[in-house]
Amino acid sequence: MLRAGFIKRLSSGVYTWMPLGLKILRKVEKVVREEMNRIGALEMLMPSVQPSELWQESGRWEFYGKELLRIKDRHERDFCYGPTHEEVVVDAVRRDIKSYKQLPLSVFQIQTKFRDEVRPRFGVMRSREFIMKDAYSFHDSYESLAKTYDDMYGAYCKIFTRLGLKFRPVAADTGSIGGTGSHEFQVLADSGEDIIAYSDESSYAANIELAESKPEKVSRDIAKMSLTKVATPNEKTCFEVAQMLNIDLKHTVKSLVFESVDGSPVLLLIRGDHELNEIKAGKLKELKQPLSFSKLEDIQASFNCSPGFIGPVGFNGVIIADRDVNLMSDFICGANQDGYHLTGVNFGKDCKEPDLVMDLRNVVEGDYTPDGNSQIKLCRGIEVGHVFQLRTKYSIPMNLSYLDQNGKSQFMEMGCYGIGVTRIIGASIEQNNDEKGIVFPVAMAPFEVVLIPVNLAKSELVKNSIERLYSTLLADNIDVLLDDRNERIGSLLADSELLGIPYRIVVGEKSLAENKVEFYNRKTGETQLIDINQISELVKNQISNEKK
RNA sequence: CGGGGCGUAGCGCAGUCUGGUUAGCGCACUUGAUUUGGGAUCAAGGGGUCGUGAGUUCGAAUCCCACCGCCCCGACCA
């Protein structure tokens, strides 16, 4: 994008949108706006600078953390640059909407947000300042919310389809926005930062943060082995221990120590070949939030050994086991003594039963979907949209209420729905490019057609023909660019390909001799000679075909 | 927050280790000429607080210290 001159970096994670980039941005906005209008959402515009009082009300002034850019005005009053607008929209709506007769209501805006990311990267994909379409809906019942949620879901599918993206809606965690139900719209791309668990055989799809699998077994096998201590002087990880003992990683258990609310250590047990899912662990009320691993000294103090040799045997604190670990028998774990591990360990016999058993791990490829009918595959994705059922998460603390038919005050049900407008552009380029540059779909391209003259300066014929053609195309409402820069033909052609303009018309004396021009399709790479009088019609048809 | 790297012309870099005349190179830019169906060639020219500040020195882009900015990796999975 930088190379094509769409954006310029001003500061870490902050970009200027140059004229061509802005044209793309506006096209994306147009599609989003049209689909929002179609489902009856009303456009509004909220301020980007927001007073801290509202955020105190919702409780997010403390909760949101460092991503919230906080600023002070000249009177030393606290403000923030809006990372999202639940607080503001609730405030606007609660002043106006008093009766069930005014519900449901959906509003949206397309506006700049700021999130002070720890580490912005991938240009516009994870920037600190970005443009987002955020919509909010208000209801007098869950049924009404569910209906709007479905409408939004449908509108999102339409938007991403119209923009030519290969995407997948997936079940998702609600993160810092909060609420009950939620789907993400993920654009499939290897460079994506999210991992999606999905199945080819069923409609199952979920973000790995949330994805659950069906446990492999239903009950624990009978213990056959007895507890044995083995020396593992240099083997700290499960992988190293398994390798040394020449056994499957599946028979090892790794022990992770976390701080609990009162500061005492809590032991989490995960099978050696699995990974802890921090989102799932983060929901454990036994653990201190945000999640923090115990410090080295604390581990030394409570286990009398260094990390790498920890295990549940002899530990009296809280033990939380992953479902799969709970069903293991004769497993291998640390001996709580430096340089030793234990084999043939069994719950109930060698150590106490876990205090709590739950799903704590990331799903892996080959796991079964929760219904057990199909196998899970993993792929990477870029989150471009997210819809939430907020329910009363904000209405209650911020006292957003209406009078129902009986004149009684009730809290509103809320939904919120976001699309990363700027991120969509990055994601699209990620998905549609080749060695020559970008291949934009018509709906997003900065121009639909580019006109390139051969030897404009020298040839009156070319000059007259191309200018006439340019006017014709404009008159036909085609978004056309006449590239009349005094560059060599090679640069003009190469640039048009780099920019990803879907169609190109080359006008030169050679073909004009037969009254024809060259028509080139960026996506297919096909070139054909077309009569100059028919070209406008052809372009119009091509464009409306692609837009469908 | 931890680790690493970078900061020299509009952009990309060399020079820094080993201090020493006038700080170079490529691209871009300006002027002129020749060129013009796939990123031209020749000639002439302009452009620098060497990130900032303080220090060592006869002398600092170069050595020392502090600060600022940016990029990359990591942030505890034992």
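The chains referred to below are lettered A, B, ... by the order of the sequence lines, with proteins before strands, and numbering in each begins at 1. Computation of the quantities below employed the complete heavy-atom set of this structure, encompassing side-chain atoms and omitting hydrogens, waters and symmetry-equivalent molecules.
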Scan every strand shown for a Watson-Crick or G-U wobble partner of [N], both distances under 3.5 Å, and answer none if you come up empty.
N	answer
rG46(B)	none
rC70(B)	rG5(B)
rG24(B)	rC13(B)
rC63(B)	rG55(B)
rU34(B)	rA40(B)
rA75(B)	none

List the atom of I425(A), the atom of M444(A), and the distance in Å for their closest heavy-atom pair.
-> CA-SD, 4.3 Å
Note: S182(A) and H386(A) closest approach over all heavy atoms is OG-NE2, 2.6 Å
For [Y], is there an ion pair with [X] - N to carboxylate O distance below 4.0 angstrom?
X	Y	value
R361(A)	D322(A)	yes
D194(A)	R380(A)	no
R128(A)	D116(A)	yes

If we take the [atom1] atom in both [N] and [M], what is their distance in whole Å?
N	M	atom1	result
rC70(B)	rA23(B)	C1'	24 Å
rC25(B)	rU34(B)	C1'	27 Å
rG51(B)	rG38(B)	P	43 Å
rC64(B)	rG69(B)	P	22 Å

Polar atoms only, N or O, under 3.5 Å: list the protein pairs with nucleotides 71-73 of chain B and their distances.
from: rC71(B); atom 1: OP2; to: S12(A); atom 2: OG; distance (Å): 3.3
from: rC73(B); atom 1: OP2; to: R119(A); atom 2: NH1; distance (Å): 2.4
from: rC73(B); atom 1: OP2; to: R119(A); atom 2: NH2; distance (Å): 3.2

How would you list, by chain and number, every residue that makes a salt bridge (charged side-chain N to carboxylate O under 4.0 Å, His left out) with E240(A), sequence neighbours excluded?
-> none
With D350(A), which residues qualify under salt bridge (charged side-chain N to carboxylate O under 4.0 Å, His left out), at least two apart?
-> none
Taken in chain and number order and not counting sequence neighbours, the residues that satisfy side chain to side chain donor-acceptor pair (under 3.5 Å) with D338(A) are S306(A)
Quick one: side chain to side chain donor-acceptor pair (under 3.5 Å) partners of E509(A), sequence neighbours excluded?
-> S459(A)
How does protein reach along nucleotides 29-39 of chain B, written 5' to 3' as B (base within reach of a heavy atom under 4.0 Å), S (only sugar-phosphate), or - (no contact)?
-> ------BBBBB
